[in-house]
Protein chains: 2
Amino acid sequence: MARAATTTDAFNAVAEPRRREILEVLARGERSVGDLVGELELAQPQVSKHLKVLHEVGLVAVREDGRRRLYRLNGRGLKPIHDWVARFEQHWEDRFGVLDAVLEELQEEP
Amino acid sequence: MARAATTTDAFNAVAEPRRREILEVLARGERSVGDLVGELELAQPQVSKHLKVLHEVGLVAVREDGRRRLYRLNGRGLKPIHDWVARFEQHWEDRFGVLDAVLEELQEEP
DNA sequence: CCATCGTATTCCCATATGGGAATACGTCAA
DNA sequence: TTGACGTATTCCCATATGGGAATACGATGG
């Protein structure tokens, strides 16, 4: 088996940096594909492809406007990630994590 | 270019479900490879491989104990994900996100 | 109806994944 | 030493990614 498809879930979709950037821009408001091409340094086809992935996993929504398509963020799609990560929150808020990191580095010295 | 390596960062490492499971088990305490093989339904080699990835991105730490290797969670490694996702928190706490989802579904009916 | 704009889709390719199976390696017990 | 144990590494392979380039498609204006 190969790696899970990027369209499998939000975790996989968001693993790609450019897609994260797209979401960040959309967080500031609705954008057309062309807008995104301009704000990010990406070619139009790749933007469309990334948007397709994001749409398939429900992270963005589309709306038609003449020849253009306006995309907007659907923040709810990120909640699963938030919830999963939140379970580990105490693991970095205490000092043990820090201590572990230090011990780790000492041990791994070549 | 292909997809970014799983060892690129926490985002990529955590995109794999089994690796998430491993982290969940380690959140309950230190474990040897064998322990993990038992608790998860995974073969030893795959567990070792996944642990290698998690270790490379700093999500777990190791400690030698005779023939065994005890792995433990390094929660701090998840903070970047937490912080990134947190920026979108308001986007699902208000009702707009819900409304968007509804409108989306209405529009996408075939 | 045609040209153009805004987007989406297709094709090509280098890359590496994750699982299975087999094997190598290091440590401990006898 | 030797054998067994606990882990790590290697090999093989089907799969699909993401970028670049080219092209297809739908809507609009003239």
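All values below were derived from every heavy atom in this structure, side-chain atoms included, with hydrogens, water molecules and symmetry-related copies excluded. No experiment lies behind these values; they were computed from the predicted model shown. Every chain is numbered from 1, with letters handed out A, B, ... down the list of sequences.
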Measure the distance from [atom1] on [X] to [atom2] on [N] and round it to the nearest whole Å.
| X | N | atom1 | atom2 | answer |
| --- | --- | --- | --- | --- |
| B:Glu16 | C:dT17 | CD | C1' | 9 Å |
| B:Leu42 | C:dA21 | CG | P | 13 Å |
| B:Asn12 | D:dT17 | CG | C1' | 12 Å |

Could A:Lys49 and A:Glu16 be called an ion pair, given the rule that one side-chain N must be under 4.0 Å from one carboxylate O? no
Assert: residue with more 5' nearest nucleotide on DNA chain D, out of A:Arg18 and A:Gly66, is A:Arg18
DNA chain D nearest-nucleotide lookup for A:Thr7 and A:Asp65: closer to the 5′ end is A:Thr7
Kindly compute the distance separating OG (A:Ser32) from CZ (A:Arg67), expressed to the nearest 0.5 Å.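 Spacing of OG (A:Ser32) from CZ (A:Arg67) equals 13.0 Å.
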Below 4.5 Å, heavy atoms only, C-beta onward: do B:Arg87 and A:Glu24 meet side chain to side chain?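 Side-chain contact under 4.5 Å: yes.
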On a heavy-atom basis, which atom in B:Thr6 and which in B:Val57 lie closest, and how many Å separate them? O-CG1, 4.1 Å
Minimum heavy-atom distance between B:Gly77 and B:Leu59, given as atom pair plus value: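 Smallest heavy-atom distance, with atoms named: C-CD2, 3.4 Å.
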Ignoring hydrogens and angles, tell me if any N or O in the side chain of A:Arg19 forms a donor-acceptor pair with the backbone of A:Ala13 under 3.5 Å. yes
Using a 4.0 Å cut-off on protein heavy atoms (strictly under), produce a 5'-to-3' string for nucleotides 5-11 of chain C with B for base contact, S for backbone-only sugar-phosphate contact, and - for none. BSBBBB-
